[in-house]
Amino acid sequence: MCGIVGYIGREEAVGIIVEGLRKLEYRGYDSAGVSIIKDGKTDIRRAVGKLANLDKALRDKPIFGNTGIGHTRWATHGRPSEQNAHPHEVDGVSIVHNGILENYMELKHRLQAQGRKFKSETDTEIMSHLVASHIAEGRNLIEAVRASLKEIRGAFAFLIQHEKEPNKIVTAKTASPMVVGVGKGEMFVASDIPALLGHTRDFIILEDGQMAVLTADGVELSDFDGNALPVKTKHVDWSPVMAEKAGHKHFMHKEIHEQPTAIADTIRGRVLMEDASVHLDGVNLGDVKKLRRLIITACGTSFHAGMVGKFMIEKLARLGVDCDLASEFRYRDPVLDEETGVLAISQSGETADTLAAIKLAKSQGATVFAVCNVLESSIARECATSGGVMYTHAGPEIGVASTKAFTTQLVALYLLAIYLGRARGVLDKGAAQKCLEDLREIPSKIERVLATEASIIAIARRYAQARDFLFLGRGPNFPIALEGALKLKEISYIHAEGYSAGEMKHGPIALIDDKMPVVGIATEGPVYDKTVANLEEVRARNGKLIILATEGDSKIAAIADDVIVVPRTDPLLDPIITTIPLQLLAYHIADINGTDVDQPRNLAKSVTVE
Ligand code: F6R
C-alpha cells in the first residue's frame with residue numbers, strides 16, 4: 001500500500017511529485033523519497049518518517065530536473081530506514097515499487113552470485129539490479145524492463161527511469177494500482193487518482209499485465225511482450241475528498257470493498273502449493289511439537305478474530321487454544337511457561353492492553369508472537385525479540401471500525417493453523433492442499449457477496465429504525481455474531497448483542513417480540529440443523545428474522561423474513577465470508593441514520609490507554 005508519483009514534462013518535477021505524494025500519505029508513510037534526472041545524472045533524496053522529513057531534506061539540499069519519480073512507503077520487506085526507502089537506484093536505474101515480489105529470495109541469491117551488491121533489505125532493489133543487468137548486456141530501458149518482468153513473480157506496480165534515457169518513464173503493473181494522468185506537453189503517473197487531480201482530470205487506468213512508456217508528449221501502452229494496446233482515456237470529475245476515498249462515500253465502505261485484494265495480499269508469498277507448505281516469514285516458534293497450549297490475546301474485533309482462530313488451530317493442528325481478552329489477562333494470574341505459546345492479535349500494533357499482556361507473558365518465559373498490520377508498531381517491536389510477527393499486509397485501515405484488518409487476521413490465523421498442523425504432523429499433504437485450495441477461492445467468493453450489496457441496502461432500509469438487534473451464530477460463526485453486533489453498535493449507536501444461538505433459551509429469548517430484528521447465521525456446516533432449530537424458536541415468538549444462508553438452501557426462506565445468500569465454503573473459512581454482509585448491513589444502517597461512519601463518537605483507531 002505504498003504511494004507512487006512520477007512526472008515528465010517541462011516543469012520542475014520535484015514539487016509536483018512531493019505534492020502528489022502528500023495526497024497519498026493515507027496509503028502509508030514510514031519513509032519517502034524522490035529521484036530526479038538532470039543533465040543525464042540521477043539525484044536522490046530520501047528520509048525516514050512522514051513527508052515533512054523529506055521536505056526538510058529537499059530544503060537542505062534541493063534537487064532540480066524535469067523528470068522524476070517519488071514514493072511514500074508502507075514497509076513490507078525491510079524495516080523503515082533511509083536505506084530501505086525508495087527510490088532504489090542501481091547504475092543510473094531508479095525504481096519505485098508498490099507490491100511484494102514473491103521470488104525475491106531466489107533472484108537475490110542469483111544476482112549476488114553474479115557479484116551484485118545490495119544496499120537495502122527490500123525486494124524492490126532486486127528489480128533495479130535486474131533492469132541494470134539487462135542494460136549492461138546492451139538492451140535499452142524498455143527492453144531491459146520487459147526482460148526483467150519475465151523473471152519476477154508477485155504483485156507490483158513500478159515506475160522506472162534511467163539517467164541515460166532521461167526523456168522517458170516506464171511503468172508496469174500487476175495486482176497493484178497505477179494510473180497515468182494525461183497533460184498537455186507533460187505526463188503524470190501515480191498509484192492513485194487523488195495524487196494527480198490538481199493537474200489533470202484525464203486518466204488512463206492501467207490494467208494488470210500492462211506496461212506504459214511516458215514521454216512529455218504522449219503515452220505508449222503495451223502488454224509485457226511488447227504488443228501495442230489501444231490507449232483509452234477516462235475523464236474523472238470527483239472532488240478531491242471523493243477521490244481520496246476512490247469514489248466511495250466513506251473509508252469504511254472503501255475498505256470493505258478492498259477485502260478481496262487485501263486477503264490475496266495476506267496469502268501472497270506464503271504458500272507453496274506443490275508441497276502444501278506455509279511459510280511464516282518473521283515468525284520463529286522453535287520446535288512447535290513441544291508446544292502444549294496456545295493463548296490468544298487481543299481486544300475488540302481482533303479478539304473476535306482470535307476466537308475464530310481457536311476453531312481453526314484446534315481443528316487443523318490439534319493444539320489446545322484459550323482466548324483471553326488482553327484487558328483482563330494481567331488481572332488474573334495466568335499460568336504460563338516455556339511450553340505455552342502466546343499469540344497477540346492487533347491491527348494497529350499499539351493497543352495498550354495487548355502490549356501489556358505481551359510484556360507479562362514474555363516476563364514469564366512464554367514465546368510471544370503477533371499477527372499485526374502495522375510494521376514497526378510497538379507490538380511488532382515487542383514480539384520481534386520473542387516469537388516474531390506475521391504481518392497481515394492489509395494496508396492502512398482508516399475507518400475506525402475494523403473491516404479488512406479483521407478478515408486478513410482470519411486469513412493469517414488459517415495460514416498459521418495449516419503451518420502448525422503440518423509442523424506437528426497432524427495435517428498430511430493432501431489435507432493441507434485442500435485447505436489451501438479452499439483459501440485461494442475466498443477473494444472471489446467475497447467479490448460475489450459484495451455484488452449483492454443492493455439487496456443488503458434494501459434490508460438496511462427496512463430495519464434502520466430498530467432500537468435493538470440480536471445477532472446469533474454457533475461454532476466458528478458465534479464470534480461472527482459478536483463481531484456483527486459490535487460493528488452495528490459502534491457505527492450506528494443502535495444497541496446490539498451477539499449471542500451463541502444455543503444460549504438463547506438460557507435467557508435472551510425473553511427479549512424477543514415483533515419489534516426485535518434477529519440476524520441469524522445459518523450457513524451449511526456441522527451446526528446447521530441446531531442453529532435452524534434455535535432460529536425457529538425466534539420465529540415462534542414473532543421475532544423478525546434476517547438469515548444468512550448458503551446458496552442453494554431451499555428450506556430457510558420458510559422461516560426467514562429476509563435471506564442473505566452467501567457462497568458455499570469450508571466451515572472453518574465460512575466466518576470470512578459471513579462477516580462481509582454483516583459489515584455491509586452495519587455500514588448501510590449507519591449511513592441511512594447519518595452517523596459519522598468513519599469516526600464514530602467516543603472511539604479512536606488506536607487505543608493507547610489501558
Ligand atoms: C472495532 C475495532 C476495535 C479494535 C480494538 C483492538 O471495529 O476496531 O474493537 O479491534 O480496539 O485494536 P487493535 O486490533 O488495533 O489492537
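Because the structure is predicted, anything quoted here is derived from the model rather than measured. Counting starts at 1 for both ligands and their atoms, in listed order. Note: hydrogens, waters and symmetry copies are ignored here, and every other heavy atom, side chains too, is used.
- Applying the ring pair (Phe, Tyr, Trp, His ring centres under 6.0 Å) test to residues at least two apart or on different chains, none of the pairs has a partner in residues 343-362.
- In this structure Y414 satisfies the ring-ring contact (aromatic ring centres under 6.0 Å, His included) test with no other residue, sequence neighbours excluded.
- Within ligand 1, counting atoms from 1 as listed, the ones closer than 4.0 Å to a heavy atom of A401 are 7 (O).
- For ligand 1 and K487, the ligand atoms under 4.0 Å from any heavy atom of the residue are 1 (C), 7 (O).
- A donor-acceptor contact shorter than 3.5 Å links the side chain of R424 to the backbone of V288.
- Side-chain contact annotation: Y463 with D562, donor-acceptor N/O pair under 3.5 Å present.
- A salt bridge does not link R601 to D596: none of the charged nitrogens lies less than 4.0 Å from a carboxylate oxygen.
- Those atoms of ligand 1 that come under 4.0 Å of a heavy atom in Q347, given as number and element, are 13 (P), 14 (O), 15 (O), 16 (O).
- Per-residue contacts place S346 under 4.0 angstrom from the following atoms of ligand 1 (heavy atoms of the residue considered): 13 (P), 14 (O), 15 (O), 16 (O).
- When atom types are taken as modelled, the side chain of S500 and the backbone of R474 share no donor-acceptor pair closer than 3.5 angstrom.
- Neither the backbone nor the side chain of E350 has any atom closer than 4.0 Å to an atom of ligand 1 (non-hydrogen atoms only).
- Under a 4.0 Å criterion applied to the non-hydrogen atoms of V400, ligand 1 contributes the atoms 8 (O).
- Atoms of ligand 1 found under 4.0 Å from any heavy atom of E490 (numbered from 1 in listed order, with element): 1 (C), 7 (O).
- Compare G399, S302, G349, S348 by their heavy atoms: the one nearest to atom 14 (O) of ligand 1 is in S302.
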